[in-house]
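Worksheet: the structure to be examined is printed underneath.
Note: hydrogens, waters and symmetry copies are ignored here, and every other heavy atom, side chains too, is used.
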Amino acid sequence: MNRPLTSYKAVAVAVAIIGSLFIGAVSCTDESCYESLETPMRMGVYNKATRQPISFNDMSIITPEDTLSITSISVYGIGHKSDSAIYKESSGVKQVDVPLQPIKEESAFKLIYHLEGELQVADTITVFHENRPNFLSAYCPCLIFHHIDSLRYTRNLLDSIDYVNQTITNEQELHLILLY
Amino acid sequence: MSRNFILYFCISTLLLLYVLPAEAQIGGTFGNQSGGGYGNQSGQNSNQSGQNGQYDANREPRTKEEEMALRRRKDSLKVADTIPLFNRVLIGADIFEPVATILGQSYWSSGIVIQADLKERIMPVLELGIGQSDITTNAKANYKSSKGFYGRIGVDIRMLGVPRVGTISFGARLGISSFSYDIYNIKISNPYWGEDFQGDILNQNGSASYLQLVAGARAKVGGCFYMGWSARYGFLINSSKTDFSKPFHIPGYGINNGASFLSFSYYLLFKLPFKESAKPIPKPKIIKRAP
């Protein structure tokens, strides 16, 4: 018994249409970059006694004459050509994100605390690190990942720095905690 | 991928699939012998046994001897299964991506495919091949891989058609790949420090495993030659990463830019000369019931 030809024609046309859709889909590959393209070193601000996160505005400096609060902070990269600020008189800051040098293996930052009465105190943090280029995808630019080897810092207001994660990628994680 | 290539490919696929049922109609074999014919014979058998043993509500219940005699009669009317377990072997090559690279695609995978035919329904398949890429990235770097290897094993299930004429099938593949690659001319700019990094990432080795869902069609062109195509929807199970990179092109899978990738294959196949299973189905022996 022969099956009617028309039913097979319908199957053939349906399969050809589906095949054509597949071919069209293959030609339309998604060329978007889904990766984060920032690799900052992230430093959290913590209370040394309680080891809880705080804001710079929560801190005060007790002097023989007065108690002064921190109104804002500024952060500059030392050696930057045009002295451009990473943070300029920013208030309510709970964490500081700074970019490390892509070629040199040493990056230094000046952290200025703006107090009431236009007074300023500053600390300097120097980071010694390794740089590593990283390829994510042909649709994304390459990035520089870092590994923190050691730190050197002043202790004018800053008490100490602890490591959380010494490898800096584009994962937007916490790397250091600044203890006050 | 070139639009003209897609257009010509669609036309040729349509012609190929039109030829499939047309040839079957001329040959009178599509779905007749082992497929529909076997089913028809079984249908006749069940009609016959139905005529001989139709249910009659007024009939007295059968005795044990009558039941056994009826069962023996049914067994004698059954048609023997003439389809052997191991039917045919096809061997061929995947030519889609090598042709696509001629038209501008910057990566390819190609290899041999060996497919067996069990009971004209289940078709286990083994695919072995190589792949290569030479891709200029959006950031103008150059991703270049040497010939990596892949192996895929899986099974297709025939849904429509007769294997000796043409089939439409669905299946799955499990694949593994091993490859190496280099990335040249990397430039990374840092807008804050104003310094640009330039360099290469060399001697990267990678491996990956993946699962692919496959839908395809295959038709006999003439003699022992077949042509077919398949669409594959792949999912990465595991992909290696080095300290400096993660692979972008995986031979046998495609582009690693997300959880899945859709790819396409086109095969030229040759049937190895094993004996065909097309034996004529014997006529059922009709036993007349004693009056």
For side-chain contact (heavy atoms from CB on, under 4.5 Å), just list the numbers for B/Lys246 and A/Phe135, CA-CA rounded to whole Å, side-chain angles, deciding distance to a tenth of an Å, and then say yes or no.
CA-CA 7 Å; B/Lys246 66 179 186 183; A/Phe135 175 85; 5.8 Å; no
Determine which residues belonging to [range] lie within contact range of chain B, meaning some heavy atom pair is under 4.5 Å apart, and list them by number or answer 'none'.
range: residues 159-180 of chain A; result: none
range: residues 88-115 of chain A; result: A/Pro99, A/Leu100, A/Gln101, A/Pro102, A/Ile103, A/Lys104, A/Ala108, A/Phe109
range: residues 144-156 of chain A; result: A/Ile144

Relative to chain A, which segment of B/Asp243 carries a heavy atom at a distance below 4.5 Å: side chain, backbone, both, or neither?
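Both backbone and side chain of B/Asp243 come within 4.5 Å of chain A.
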Can you say whether B/Tyr143 sits under 4.5 Å from chain A via the side chain, the backbone, both, or neither, judging by heavy atoms?
side chain
Please name the pair of heavy atoms, one in A/Gly77 and one in B/Trp193, separated by the smallest distance, quoted to 0.1 Å.
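So the two residues come closest at CA-CH2, 3.7 Å.
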Under the side chain to side chain donor-acceptor pair (under 3.5 Å) rule, collect the residues that match up with B/Ser146, sequence neighbours excluded.
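B/Ser146 satisfies side chain to side chain donor-acceptor pair (under 3.5 Å) with B/Ser180 once adjacent residues are dropped.
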Find the distance between OG (A/Ser137) and CG (B/Asn256) and round it off to the nearest 0.5 Å.
8.0 Å
Interatomic spacing from SG in A/Cys142 to CD1 in B/Ile188 - rounded to 0.5 Å
5.5 Å
CD (A/Glu38) with more than 12 external heavy atoms under 6.0 Å
no
What option among A/Cys140, A/Pro141, A/Pro133 has the most heavy-atom pairs under 4.5 Å with chain B?
A/Pro133
Among A/Asn134, A/Thr39, A/Ile86, single out the residue with the greatest number of heavy-atom pairs under 4.5 Å to chain B.
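When all of A/Asn134, A/Thr39, A/Ile86 are compared, A/Asn134 has the most.
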